[in-house]
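Worksheet: the structure to be examined is printed underneath.
In what follows, every chain begins at residue 1, and chains take the letters A, B, ... in the order their sequences are listed.
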Amino acid sequence: MKEPTPVKREFYNRDTIKVAKDILGKVIVRKTKQGNIVGRIVEVEAYKFGEHDKASHASKGCTSSNQAMFGENGFAYVYFTYGMYFMLNVVAKKKTDHAGAVLIRGVEPIDGIKHMVKNRKGKDGINLTNGPGKLSQALQINKKLNNHDLTKKEKLFIVDSEKRTEKVLSSGRIGISMDVEKEWRFYLDGNAYVSKYKFNKK
DNA sequence: AATCGGATCGTCT
DNA sequence: GACGATCCGATTG
């Protein structure tokens with residue numbers, strides 16, 4: 001099988017919302033010692049900067065923990081939360097924005113599934129990767145991959161795939177309390193690996 | 001089927 | 001010192 005080329009950096013040099021929609025259907029590859037772990041992106045959320053987006057980690061300006069969101073496009077922003085889980089974001093913003101990133105919330109397993117099951121401590125099926133914390137465990141994503149370049153064929157990168165056939169739907173974002181009315185969550189219609197949270201509960 | 005709370009810790013107030 | 005861009009198992013209807 002021919003090794004595909006990573007998505008070029010220009011793809012990420014655009015408005016965060018557009019990149020969020022367009023990245024759906026692309027394929028994420030994690031190279032580990034045991035072998036490759038591969039999945040198709042089916043659910044994302046967009047996060048921007050400052051006054052435009054109070055739910056974003058970047059809303060309070062650049063700090064040591066969120067500096068990746070202000071950094072170069074096409075890099076990973078990996079964030080640790082709830083004491084146990086990592087979140088994988090892809091830095092993407094147009095020139096006039098100071099910060100922006102796309103949170104990967106769900107992927108559909110393609111290859112290396114046995115590694116995913118092991119990383120998820122025996123869980124399998126839907127529960128492998130249908131949520132941001134879950135897919136980070138399945139793909140062995142941790143803080144070491146913060147600021148990792150996703151346009152190079154190294155430990156973690158994103159490649160193009162065949163054109164998606166599903167419709168892209170949008171909704172409010174999950175697990176936040178500010179700016180809940182912004183419909184910046186995007187997912188592929190009908191895909192089993194889209195998380196099914198009841199969200200924005202009061 | 002839907003809701004509730006515990007686990008667990010880096011980061012900011 | 002409080003609180004998450006969460007997950008999961010237990011409990012209740």
### Query
Paired with C/dT12 by Watson-Crick or G-U wobble geometry, both distances under 3.5 Å: which nucleotide is it?
B/dA1

### Query
5'-most contact on DNA chain B: A/K143 or A/M84, nearest heavy atom basis?
A/M84

#### Entry: Euclidean distance, atom CD of residue A/E43 to atom P of C/dA5 [Å, nearest integer]
16 Å

### Query
Quick one: is B/dT11 close enough that its OP1 or OP2 comes under 4.0 Å of any side-chain N or O from A/T63?
no

## Note on the structure
Considering only heavy side-chain atoms of A/Y82, the closest of C/dA5, B/dC9, C/dT6 is C/dT6

### Query
To the nearest Å, how far apart are A/I141 CD1 and C/dT6 P?
15 Å

### Task
Starting from C1' on C/dA5, measure out to CG on A/D179 and report it in whole angstrom.
13 Å

### Query
Using a cut-off of 4.0 Å on non-hydrogen atoms, how would the nucleic acid contact of A/M69 be classed: base, sugar-phosphate, or nothing?
base

### Task
Measure the shortest side-chain to side-chain distance between A/S195 and A/R105 over non-hydrogen atoms and say whether it is less than 4.5 angstrom.
yes

### Query
Just by distance, with hydrogens left out, do A/Y12 and A/E10 show a side-chain donor and acceptor under 3.5 Å apart?
no

### N or O in side chain of A/K134 less than 4.0 angstrom from C/dC8 OP1/OP2
yes

### Query
If you measure from the ring centre of A/Y47 to the centre of the six-membered ring in the base of C/dA5, is it under 5.5 Å, with the planes under 30° apart?
yes

### Message
Less than 4.0 angstrom between a side-chain N/O of A/Y85 and OP1 or OP2 of C/dT6, yes or no?
### Response
no

### Query
Which one, C/dA5, C/dT6, B/dT13, comes nearest to the side chain of A/K60?
B/dT13

### Task
Calculate the interatomic distance between A/H57 atom NE2 and B/dG10 atom C1'; express it in whole Å.
11 Å

### Task
Output yes when at least one side-chain N/O atom of A/K48 is less than 4.0 Å from OP1 or OP2 of C/dA5, else no.
no

### Query
To the nearest angstrom, how far is A/K121 atom NZ from B/dA7 atom P?
16 Å

### Query
Is a salt bridge present between A/D15 and A/K48, judged by a nitrogen-to-oxygen distance below 4.0 Å?
yes

### Message
Would you say that more than 12 heavy atoms from the other residues, nucleotides or ligands in this model lie under 6.0 Å from the NZ of A/K26, or not?
### Response
yes

### Query
Which is true for A/G83 with a 4.0 Å heavy-atom rule: it touches a base, it touches only sugar-phosphate, or it touches nothing?
base

### Task
Could you tell me the separation between the CG atom of A/N142 and the C1' atom of B/dC9, rounded to a whole number of Å?
16 Å

### Message
ring-ring contact (aromatic ring centres under 6.0 Å, His included), that's the test. Do A/H57 and A/Y79 meet it? Break it down for me.
### Response
CA-CA 10 Å; A/H57 288 166; A/Y79 177 75; 4.1 Å; yes

### Distance test, side-chain N/O of A/R105 to OP1/OP2 of C/dT6, below 4.0 Å
yes

### Query
Quick one: is C/dT6 close enough that its OP1 or OP2 comes under 4.0 Å of any side-chain N or O from A/R173?
no

#### Entry: Watson-Crick/G-U partner (both atom distances under 3.5 Å) of C/dA5
none

